Engineer: 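I have a structure I would like to understand better, so I am pasting it below and will then ask my questions one at a time.
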Amino acid sequence: MSVVSLSRNDDVAVITIDNPPVNALKHEVRAGLMDTLAQARDDAGVRAVVIACAGRTFVAGADITEFGKPRQPPSLSDVIALLESMPKPVVAAIHGTALGGGLELALGCHFRVAAPGSRLGLPEIKLGIVPGGGGTQRLPRLIGMEKAFPMILSGDPIDAKEALAAGLVDEIADGDLTAGAVAFARRAAEKGGALPRIRDGDDKLAALRADPKKFDDIVAANLKRTRGMHAPAKAVEVLRAAIEMPFDEGLQAERDAFSELVTGDQSKAQRHIFFAEREALKIPDLPRDIKPREINRAVVLGAGTMGGGISMCFANAGIPVTVIEASEEALDRGFGIIRRNYENTMKRGGLTQAEMDSRLGLFARTTDFDAVKDADIVIEAVFEEMDLKKEVFGKLDRIAKPQAVLATNTSYLNVDEIAQATKRPSSVLGMHFFSPANVMRLLEIVRGKETAPDVLATAIAVGRKIGKVPTVVGVCHGFVGNRMLRARAIEAERLLLEGALPHEVDGALTEFGLPMGPFQMGDLAGLDVSWRIRKATGLRAEVADTLCEAGRFGQKTGKGFYIYEGGSRTPIPDPEVEQIIVNASRRLGVTRRPIGKEEIVERLIFPMINEGARILEEGIALRPGDIDVIYVYGYGWPIWRGGPMFYADHIGLPYICDRLTEFAKNSGNKSLEPAPLLAQLAAEGRGFGSIGLTTKKVA
Ligand code: T1G
Ligand code: NAD
């Protein structure tokens with residue numbers, strides 16, 4: 001069946017694209033558009049044309065799966081050139097999303113009619129590229145650079161209302177979209193006259209041409225820190241070309257930038273994450289049609305560092321949430337932070353007063369544990385102590401309604417053991433949020449041995465509803481993310497003993513692209529959290545424990561690996577810590593030596609990859625891509641490096657094996673020896689990208 005069809009509504013030709021699931025512009029679609037447009041052009045009975053899409057969305061872009069493959073003509077630019085040459089008005093009928101090449105196609109049309117609630121954007125930068133179908137040259141000409149620049153640099157879509165106000169769409173069709181577009185097209189044909197081609201309209205750029213410095217102001221006002229990414233700088237370059245060059249030269253500059261970026265490592269990494277994020281939702285033994293439980297009311301236990309942010313996620317998604325704490329003081333403290341978070345967002349223009357009030361209106365607070373009886377889902381975020389968690393789940397079991405989903409936000413503890421504190425372990429699982437929970441997008445869903453399929457499906461559905469990226473993992477100490485982080489922490493401590501200083505280690509990792517290094521992160525999360533765990537498991541980290549014994553828990557005590565003056569979050573190196581480290585080396589008889597950045601990065605990242613391989617061997621993670629998604633959305637791993645397992649393939653597994661073997665020999669730490677899966681893949685000249693689902697079932 002052809003993916004593009006032509007039908008007639010009297011004198012208006014309606015071209016319909018039908019390429020589920022998102023009408024991506026694969027080769028057949030482009031060829032079909034060329035054919036049907038030519039037919040409509042050459043049919044004397046046709047006075048106007050409408051381009052519409054079947055299914056849930058207008059065109060959501062080029063077909064990303066075609067990237068990196070030999071290009072097949074016609075290109076999108078060929079289709080748009082034909083569109084712009086059409087002697088009859090062409091109207092794009094937009095519903096759902098018009099993204100990337102989809103919006104560029106619509107910008108090639110003479111008019112755009114959208115359904116209410118549609119979203120329009122150029123998200124290419126999220127794939128490490130720039131728009132390649134003229135978006136950087138046409139969008140600023142249509143809506144002005146002030147609006148176009150942030151859309152292209154953020155990649156975030158705008159909705160139909162904003163698009164109408166900006167002049168991106170000409171009309172919002174309240175009734176049947178295609179009928180509205182056909183009527184619009186017919187009116188345009190009747191009106192006659194020259195057809196508006198965006199490429200010809202320069203008036204919106206005239207002021208910038210007269211004073212190019214104004215463009216620098218727009219850049220300064222909108223360009224966020226890009227932390228090693230290539231695409232943002234390229235996007236600025238081609239947008240500047242829109243001002244400085246004639247249209248066709250600007251188009252060529254865009255095409256050159258696109259071709260360079262799309263073949264680059266960064267875009268390959270970001271495309272890997274795009275698909276890995278969607279693969280992570282596919283749980284092999286979970287039937288696709290399983291029905292999640294209905295969630296209309298949530299309860300969060302604990303309003304501490306995590307509880308407050310978690311409850312905001314529910315309110316932000318419109319789900320009423322009750323926060324239960326041990327005392328009114330703790331509630332006051334927690335709600336003080338929640339209100340401040342909303343006020344800060346409002347100050348940044350991210351929320352109106354009305355929106356803030358309506359969200360705050362969804363909160364209830366109490367110290368009465370009985371309030372859990374109304375909850376469809378309970379997220380427990382109390383202290384990280386097994387006995388307390390068991391006591392809490394025992395109480396939940398007695399009071400919560402039979403259908404309630406009971407989730408723990410534990411960072412490390414055994415979810416199966418917590419579930420055994422109830423008579424309904426099938427309703428229990430882990431929902432591990434990341435700090436700050438109202439910001440970090442990752443949700444590590446920990447599937448227990450007895451977690452029921454519909455409970456798992458409910459957690460995934462709730463995760464998507466509250467705007468998180470869910471990944472499903474099995475039960476082990478620290479699950480996937482924290483377990484790999486622990487392998488890094490052990491080496492980070494060793495690097496200090498052998499000669500490095502906290503700011504050198506952290507500096508090497510921020511240069512690598514991470515938002516912060518292990519010591520800054522420890523200070524943020526609180527050094528006491530992992531100290532309590534080490535003490536409970538009889539382990540010792542010489543430097544970190546010495547700091548904790550001195551009451552240096554990090555930001556919360558103003559001192560940790562760094563000093564934080566007057567409540568600021570800026571880490572200041574502390575000579576006192578340097579002395580503590582030198583004394584620890586001497587105490588343990590370790591000779592200190594200079595350690596370079598490259599060695600620091602390898603000694604921190606390679607053990608994580610090695611632990612990732614073990615996690616795959618044990619089936620704790622279903623796919624290497626799941627581990628990459630966890631690190632990108634939970635630990636700030638630079639998306640343009642694709643995640644630790646993708647990065648490992650980029651570096652080459654044989655080299656990583658050799659380095660790990662050396663690290664193990666030098667440190668005597670056997671856990672650094674290459675994991676069997678890593679050694680096997682290296683020996684077979686393969687990468688993690690070559691293994692799909694791990695055979696073992698997660699749980
Ligand atoms: N190409 C190929 N497959 C795509 C795709 C695309 N553009 N978009 C989605 N899919 C697949 C996806 O992998 C999944 O597959 C299924 O469709 C449903 O997607 C020239 C060069 C539109 C908002 O970046 O943001 O145009 O897992 O689960 O949550 O300048 O998909 O079912 O097998 O995400 O409802 C620019 C990407 C491309 C938009 C729908 N466009 N897509 O979200 O469904 S570059 C984008 C999305 C470009 C031009 C350049 C979302 C969505 P599977 P889904 P959803
Ligand atoms: P926190 O110390 O900041 O807050 C815990 C809160 O629980 C306190 O306000 C305390 O009053 C409250 N509480 C204790 N017993 C209670 C009870 N019986 N009923 C109701 N409230 C009670 O701790 P946190 O950092 O928010 O950690 C909470 C949980 O989340 C822990 O399991 C932790 O491991 C996990 N976690 C923490 C982080 C992080 O970065 N801090 C990240 C992910 C997960």
Side-chain angles (χ1 to χ4, degrees), residues 19-26 56-67 75-77 80 96-105 119 121-136 155 157 254-255 258 261-262 267 270-271 274-282 288 300-310 323-327 329-331 333-334 337 366-367 369 372 379-386 388-389 391-392 395 408-413 430-437 440 444 464 481-482 521 524-526 528-530 532-533 556 634:
N19 176 31
V22 294
N23 291 312
L25 287 164
K26 67 178 182 180
R56 62 188 162 123
T57 180
F58 189 73
V59 176
D63 188 329
I64 305 169
T65 62
E66 288 185 345
F67 291 178
S75 69
L76 174 57
S77 303
I80 295 173
T97 57
L99 300 175
L103 181 57
E104 291 170 309
L105 182 75
R119 290 177 301 132
L122 294 173
E124 285 84 346
I125 208 136
K126 297 183 181 186
L127 297 170
I129 53 178
V130 293
T136 64
E254 178 198 87
R255 212 165 288 140
F258 174 82
L261 290 167
V262 81
S267 179
Q270 288 176 255
R271 295 188 323 249
F274 176 86
F275 289 113
E277 190 182 324
R278 285 150 181 83
E279 280 302 303
L281 297 170
K282 298 170 187 160
R288 282 224 154 178
V300 175
L301 294 175
T305 309
M306 296 306 290
I310 295 170
V323 181
I324 303 178
E325 254 288 356
S327 66
E329 297 71 42
L331 279 171
R333 195 184 53 237
I337 296 169
T366 180
T367 55
F369 199 95
V372 296
I379 314 280
E380 165 276 311
V382 303
F383 298 132
E384 182 77 346
E385 286 152 20
M386 184 56 95
L388 174 61
K389 303 239 189 235
E391 181 212 325
V392 165
K395 276 166 69 178
T408 172
N409 183 52
T410 179
S411 307
Y412 286 87
L413 299 175
M431 288 178 75
H432 185 207
F433 291 76
F434 289 75
S435 178
M440 297 303 284
E444 204 177 24
R464 299 192 77 189
N482 284 346
M521 181 194 254
L524 175 71
D528 55 323
V529 177
S530 43
R532 265 205 210 102
I533 296 165
K556 57 173 108 176

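The structure presented is a predicted model; accordingly, all values stated were derived computationally and were not measured. Each ligand, and each atom within it, is numbered from 1 in the order the structure gives.
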Engineer: Do any heavy atoms of P123 fall under 4.0 Å from ligand 1?
Structural biologist: yes
Engineer: Does T57 offer a backbone N or O that forms a donor-acceptor pair with the side chain of N23 under 3.5 Å?
Structural biologist: yes
Engineer: With distance as the sole test, does R271 use its side chain to make a donor-acceptor pair with the main-chain N or O of V262 at under 3.5 Å?
Structural biologist: yes
Engineer: For atom 50 (C) of ligand 1, grab the closest protein heavy atom and report residue, atom and distance to one decimal in Å.
Structural biologist: E124 OE2, 3.4 Å
Engineer: What is the nearest protein non-hydrogen atom to atom 29 (C) of ligand 2, stated with its residue, atom name and distance?
Structural biologist: V382 O, 3.3 Å
Engineer: Using distance alone, decide if ligand 2 has a nitrogen or oxygen within less than 3.5 Å of any nitrogen or oxygen in E380.
Structural biologist: no
Engineer: Numbering the atoms of ligand 1 from 1, which are under 4.0 Å from a heavy atom of G132?
Structural biologist: 20 (C), 30 (O), 49 (C)
Engineer: Suppose we measure from atom 34 (O) of ligand 2 to each protein heavy atom; which comes out shortest, and what is that distance?
Structural biologist: S411 OG, 2.6 Å
Engineer: So do K556 and D528 actually touch side chain to side chain, heavy atoms under 4.5 Å?
Structural biologist: yes
Engineer: Give the minimum heavy-atom separation between I129 and S267, together with the two atoms involved.
Structural biologist: CG2-OG, 3.4 Å
Engineer: Write down the atom of D63, the atom of A24, and the distance for their closest heavy-atom approach.
Structural biologist: CA-CB, 3.9 Å
Engineer: Enumerate the atoms of ligand 2 whose separation from the nearest heavy atom of S435 is less than 4.0 angstrom.
Structural biologist: 40 (O)
Engineer: Check step by step if side chain to side chain contact (heavy atoms under 4.5 Å, CB included) holds for L103 and F58.
Structural biologist: CA-CA 9 Å; L103 181 57; F58 189 73; over 6 Å; no
Engineer: What do you reckon, does T410 have a nitrogen or oxygen under 3.5 Å from a nitrogen or oxygen of ligand 2?
Structural biologist: no
Engineer: Can you tell me which residue and heavy atom of the protein come closest to atom 8 (C) of ligand 2, and the distance to 0.1 Å?
Structural biologist: E325 OE2, 3.4 Å
Engineer: Considering heavy atoms of the protein only, find what lies nearest to atom 39 (C) of ligand 2 and give residue, atom and distance to 0.1 Å.
Structural biologist: M306 SD, 3.8 Å
Engineer: Provide, to 0.1 Å, the distance between atom 4 (O) of ligand 2 and the closest protein heavy atom, together with that atom's residue and name.
Structural biologist: G304 CA, 3.3 Å
Engineer: If every non-hydrogen atom of G134 is compared with every non-hydrogen atom of E104, which pair is closest and at what distance?
Structural biologist: N-OE2, 3.3 Å
Engineer: I'd like to check which ligand 2 atoms, numbered from 1 as shown, lie under 4.0 Å from a non-hydrogen atom of H432.
Structural biologist: 43 (C), 44 (C)
Engineer: Tell me whether V130 has any N or O atom under 3.5 angstrom from an N or O of ligand 1.
Structural biologist: no
Engineer: Identify, by atom number and element, the atoms of ligand 2 in contact range of A326, meaning under 4.0 Å from any of its heavy atoms.
Structural biologist: 20 (C), 21 (N)
Engineer: Tell me which one of T408, I379, L301, T305 gets a heavy atom nearest to atom 24 (P) of ligand 2.
Structural biologist: T305
Engineer: Heavy atoms, side chains only, cut-off 4.5 Å: are S435 and M306 in contact?
Structural biologist: yes
Engineer: Can you tell me which residue and heavy atom of the protein come closest to atom 2 (O) of ligand 2, and the distance to 0.1 Å?
Structural biologist: F383 CE2, 3.3 Å
Engineer: side-chain contact (heavy atoms from CB on, under 4.5 Å) with H432: which of N482, T408, T410?
Structural biologist: N482
Engineer: With a 4.0 Å cut-off, strictly under, does atom 22 (C) of ligand 1 pick up any protein heavy atom?
Structural biologist: yes
Engineer: Which atoms of ligand 1 sit under 4.0 Å from any heavy atom of F67?
Structural biologist: 21 (C), 45 (S)
Engineer: Select one of side chain, backbone, both or neither to describe which atoms of E277 lie under 4.0 Å from any atom of ligand 1, heavy atoms only.
Structural biologist: neither
Engineer: What residue and heavy atom of the protein are closest to atom 41 (N) of ligand 1, and at what distance?
Structural biologist: A60 O, 2.8 Å
Engineer: Around atom 11 (C) of ligand 1, find the nearest protein heavy atom and jot down its residue, atom name and distance.
Structural biologist: P21 CG, 4.4 Å
Engineer: Ligand 2 versus R333, non-hydrogen atoms closer than 4.0 Å: side chain, backbone, both, neither?
Structural biologist: side chain
Engineer: Can you confirm whether something in the protein, heavy atoms only, sits under 4.0 Å from atom 15 (O) of ligand 1?
Structural biologist: no
Engineer: Are the charged groups of E380 and K389 less than 4.0 angstrom apart, N to O?
Structural biologist: yes
Engineer: Which option out of A381, G430, G309 puts a heavy atom nearest to atom 5 (C) of ligand 2?
Structural biologist: A381
Engineer: Check ligand 2 against I324 and write out every atom of the ligand that is under 4.0 Å from a heavy-atom position of the residue.
Structural biologist: 20 (C), 21 (N)
Engineer: What's the shortest distance from atom 20 (C) of ligand 1 to any protein heavy atom, and which residue and atom give it?
Structural biologist: E104 OE1, 3.4 Å
Engineer: I'd like to know if T57 contacts ligand 1, where contact means a heavy-atom distance under 4.0 Å to any ligand atom.
Structural biologist: no
Engineer: Out of all atoms in ligand 1, which are within 4.0 Å of some heavy atom of R464? Include the element for each.
Structural biologist: 29 (O)
Engineer: If we set the cut-off at 4.0 Å for heavy atoms, which region of L127 has an atom near ligand 1: side chain, backbone, both, or neither?
Structural biologist: side chain
Engineer: Specify side chain, backbone, both or neither for V22, according to which of its non-hydrogen atoms lie closer than 4.0 Å to ligand 1.
Structural biologist: side chain
Engineer: So which bit of F434 gets within less than 4.0 Å of ligand 2, heavy atoms only: side chain, backbone, both or neither?
Structural biologist: neither
Engineer: Counting non-hydrogen protein atoms only, what is the nearest one to atom 34 (O) of ligand 1? Give residue, atom name and distance.
Structural biologist: R278 NE, 2.6 Å
Engineer: Give the minimum heavy-atom separation between V130 and F258, together with the two atoms involved.
Structural biologist: O-CD1, 3.2 Å
Engineer: Please state whether Q270 comes within less than 4.0 angstrom of ligand 1, counting heavy atoms only.
Structural biologist: no
Engineer: Grab the two heavy atoms, one from Y412 and one from E384, that are nearest each other, plus how far apart they are.
Structural biologist: N-OE2, 3.0 Å
Engineer: I need the atoms of ligand 1 closer than 4.0 Å to a non-hydrogen atom of G133, numbered in the order shown.
Structural biologist: 20 (C), 30 (O)
Engineer: Among all the protein's non-hydrogen atoms, which is closest to atom 43 (C) of ligand 2, and how far away is it?
Structural biologist: F433 O, 3.2 Å
Engineer: For atom 7 (N) of ligand 1, what's the nearest protein heavy atom and its distance?
Structural biologist: A62 O, 2.9 Å
Engineer: Suppose we measure from atom 30 (O) of ligand 2 to each protein heavy atom; which comes out shortest, and what is that distance?
Structural biologist: N409 ND2, 2.9 Å
Engineer: E325 side chain to A303 main-chain N or O, any donor-acceptor pair under 3.5 Å?
Structural biologist: yes
Engineer: Within the 4.0 Å heavy-atom shell around F258, which atoms of ligand 1 are there?
Structural biologist: 21 (C)
Engineer: Which ligand 1 atoms does F275 reach within 4.0 Å, using its non-hydrogen atoms?
Structural biologist: 13 (O)
Engineer: Work out which heavy atom in S77 is nearest to a heavy atom in G133; give both atom names and the distance.
Structural biologist: OG-CA, 4.4 Å
Engineer: Atom 35 (O) of ligand 1: which protein heavy atom is closest, and how many Å away?
Structural biologist: R56 NH1, 2.6 Å
Engineer: Nearest protein heavy atom to atom 42 (N) of ligand 1, by residue and atom, and its distance?
Structural biologist: F274 CZ, 3.6 Å
Engineer: If the cut-off is 4.0 Å to any non-hydrogen atom of K389, which atoms of ligand 2 fall inside it?
Structural biologist: 31 (C), 32 (O)
Engineer: I need the contact type for K282 against ligand 1. Using non-hydrogen atoms and a strict under-4.0 Å cut-off, is it side chain, backbone, both or neither?
Structural biologist: side chain
